[in-house]
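One structure below.
Order of the sequence lines fixes the chain letters, A, B, ..., with proteins taken first and strands second; residue numbering starts at 1 for each chain.
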Amino acid sequence: MLQFQNSVTLCLPIGTVERILMRRKSIIRLENVSTTYEGERRPAIKKVNLILSENELLYVVGPNAAGKTTLLETINGLLQSSGGHVFVFGLDVRRHGRKVRRELGYVPQDFMVNPGEPYTALDIVMMGRYGKIGILHKPDKEDFEKAMEAMKHLGIDELADRSVGKLSGGQQQKVMIARALVKDPKVLLLDEPFSNLDPDSRERIPKLIARIHGKGVAIIIVTHDVSRILKQCRRVVVMKDGRIVADDNPERALTVFESPLISHPTEAIP
Amino acid sequence: MIWLELAIMQRALIGCMLAGFLSGLVGVFAVRMKLSAIGYSMSHGAFAGAALGVATSVNPLVTAMLFSSATALFIGPVADKARLHADTVTSIVFPLNMALAFVFLTLSPQVGLTSEVASVLWGSVISMSNSDVVYLTTLCAVTLVLVQFFWKELFAIMFNRKMAEADGIDTKPFVYFIIFLIGVVVTFSLKLVGGLLIFALLFNPASSALQFFHDMKKIVLVSPIIGAATCVAGLMLSLFLDLPVGSCIVLVSTFAFAFAVLLSPKRKRGEVIV
């Protein structure tokens, strides 16, 4: 029930106001979204509804093949949804995918570069700026400085001129994170960002993520390693078989995640 | 070297250098964007088109261009729409183009290996005209300017097309631009090595340059130089041994690639070269 200053009283169903306010502040909105891979019959994600607000930190957890990566790539439009609507910054991703992706930082899962690849670490990080710079414009000193700054945050500035394929898995992971950060994204989509990292980086990267989140960037982190959920996190989504089965605070969501039906489905069957 | 004073040989030499330079440059993009199958089919499409030109007394350059563009269309957008894998379409289009080429050559008014038919099959730099040299020079200049303009997009796509899309780059026009360039380069280089061997001209220099460098900018600079050098060396070899120019160019180019693999510091370190 809403009571305005002029004493007009409106009767609305419970939760409507919260939903309206949420929609207003939302920067990512998925409405009944399904995504099916080419040649597949079964959708990888099914009728997913999700809202992400400004400056929100969301973890997506779930077993293998739950649809976590598909969800991220449907949000940034690298995969076209086969049903429903995806809105990012209020724009339909189907129609404005490219524009949206210029403001989204994306770190893919297990992105490993071949040792023979003829690119330096700095080359890869600079590529993150290319979409934003726009066609026919060349990267300038500011772009270069932003790239070096992003690399410095991740402690890889000394590797700038090294061939990216010759770096360790953890160093390559940091190069990809720097590539996502260099475009000053409004939203960061991180797919298993803690895999391949050495012990020192496992401490450093979460701190960096917390700092970026503190600057007002909304972040979605896909992970299977629930032990690495940051204390700043207020919301965890659990996925299974392409559906969201829980969307709650970390404590309650992780209870669902750790239940035998989600984590060890075969063991749960008598 | 009295023969160098002959205008016909000067044209052949310049044509060799330009075609070698151009195919070495475009080849880097074709190899890195994994367009080898498309390039392979397009070169044979150009061969079939040139054969049709000879049979119908139409400028073979025009028909070669039409056929290679049609092949690119079939393998690219049409295969996408029909939801066919590029490999499947390539396997069908390649023998189709070869069959059409031989049918057209048989239909030629002067049945048999006339000089024109032979030039389509094996290439003949001697038949390179002034206008061919002008076309190749213009094409070199235009390609260099476009590569300079769109370098950052091409650079990102060559690394990983999906990540380039994730950064908001519209990759499709650039991939189609490179496919179009392959078609044009193949068409204008047909006179040099002929329809059967032109594929080597496109891919050997880039594959050789990739053996040595860890810097893509160096590869883009060196591959055209290898292309031009092997074409000129092949021309010289053919003149000294009185063998077909196209075959000599491909032999030199393949030898250069084998030499590059033997010396490759990357291979010695066990790196996979792509």
Side-chain angles (χ1 to χ4, degrees), chain A residues 38-39 72-73 75-80 96-108 111-140 143 161-167 175-176 179-180 182-183 185 189 191, chain B residues 28 31-32 79-85 88 145-146 148-174 177 206-207 209-223 261 264-274:
Chain A
E38 236 180 80
L72 286 193
E73 295 198 348
I75 289 172
N76 70 9
L78 286 180
L79 287 173
Q80 289 267 325
H96 304 280
R98 220 152 276 128
K99 198 172 172 185
V100 162
R101 284 194 289 275
R102 285 178 193 144
E103 306 298 334
L104 291 179
Y106 175 52
V107 178
F111 192 91
M112 288 299 288
V113 182
N114 193 305
E117 288 283 326
Y119 295 89
T120 65
L122 180 62
D123 285 339
I124 306 303
V125 177
M126 283 291 282
M127 285 174 193
R129 300 280 311 159
Y130 289 175
K132 249 189 163 163
I133 293 169
I135 206 162
L136 293 176
H137 292 95
K138 290 198 182 306
D140 57 19
D143 297 309
D161 295 325
R162 291 266 306 274
S163 174
V164 68
K166 289 184 178 168
L167 303 180
V175 168
M176 296 310 289
R179 179 179 173 153
V182 79
K183 59 167 98 164
L189 307 175
D191 198 350
Chain B
V28 176
V31 169
R32 290 292 315 178
D80 275 355
K81 288 268 176 227
R83 298 197 166 220
L84 290 168
H85 197 272
T88 313
V145 170
L146 290 175
Q148 172 75 10
F149 272 150
F150 302 123
W151 172 250
K152 73 174 192 306
E153 284 80 10
L154 294 169
F155 190 55
I157 296 167
M158 280 193 288
F159 173 64
N160 187 291
R161 191 174 169 185
K162 185 176 166 183
M163 284 310 295
E165 278 285 346
D167 287 326
I169 296 172
D170 188 0
T171 62
K172 227 176 219 177
F174 295 102
F177 162 63
S207 305
L210 276 162
Q211 303 292 323
F212 293 99
F213 303 103
H214 281 104
D215 183 345
M216 184 51 84
K217 289 160 207 123
K218 285 183 188 156
I219 291 166
V220 169
L221 285 175
V222 170
S223 175
V261 172
S264 169
K266 286 184 173 181
R267 187 186 61 84
K268 283 177 189 160
R269 283 194 291 263
E271 295 170 15
V272 182
I273 300 151
V274 281

Show every salt bridge (Lys or Arg N to Asp or Glu O under 4.0 Å) that has at least one partner inside residues 154-169 of chain B, sequence neighbours left out.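 Non-adjacent pairs meeting salt bridge (Lys or Arg N to Asp or Glu O under 4.0 Å): A/Glu73-B/Lys162, A/Arg98-B/Glu165, A/Arg101-B/Glu165, A/Arg179-B/Asp167, A/Lys183-B/Asp167.
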Between B/Phe213, B/Phe155, B/Trp151, which has the largest tally of heavy atom pairs under 4.5 Å with chain A?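 Answer, by heavy-atom pair count under 4.5 Å with chain A: B/Phe155.
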Counting only non-hydrogen atoms closer than 4.5 Å, does B/Phe174 touch chain A with its backbone (N, CA, C, O), its side chain (CB onward), both, or neither?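 The side chain, not the backbone.
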Report task. For B/Ala164, enumerate each residue passing the side chain to side chain contact (heavy atoms under 4.5 Å, CB included) test, keeping only those at least two apart in sequence or located in another chain. Result ->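 So B/Ala164 forms a side chain to side chain contact (heavy atoms under 4.5 Å, CB included) with B/Ala156, B/Ile157, B/Ile169, B/Thr171.
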_Heavy-atom pairs under 4.5 Å with chain B: which of A/Asp123, A/Leu104, A/Val100 has the most?_
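Going by pairs under 4.5 Å, I would pick A/Asp123.
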**Report entry** Nearest heavy atoms of A/Met176 and A/Pro108, plus distance in Å
**Finding:**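 Looking at all heavy atoms of both residues, the shortest contact is CE-CD, 4.3 Å.
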Looking only at heavy atoms, which two atoms of B/Arg32 and B/Leu210 are closest? And how far apart?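 Taking B/Arg32 first and B/Leu210 second, the nearest heavy atoms are CD-CD2, 4.2 Å.
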Sort A/Pro185 into side chain, backbone, both or neither according to what part of it lies under 4.5 angstrom from a heavy atom of chain B.
->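 Contact with chain B is absent: no heavy atom of A/Pro185 under 4.5 Å.
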> Is it the backbone or the side chain of A/Leu136 that comes under 4.5 Å from a heavy atom of chain B, or both, or neither?
Replying inline: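 Answer is both: backbone and side chain atoms of A/Leu136 are under 4.5 Å from chain B.
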Around atom NZ of A/Lys132, are there more than 12 heavy atoms of other residues, nucleotides or ligands at under 6.0 Å?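 Atom NZ in A/Lys132 is packed in, count exceeds 12.
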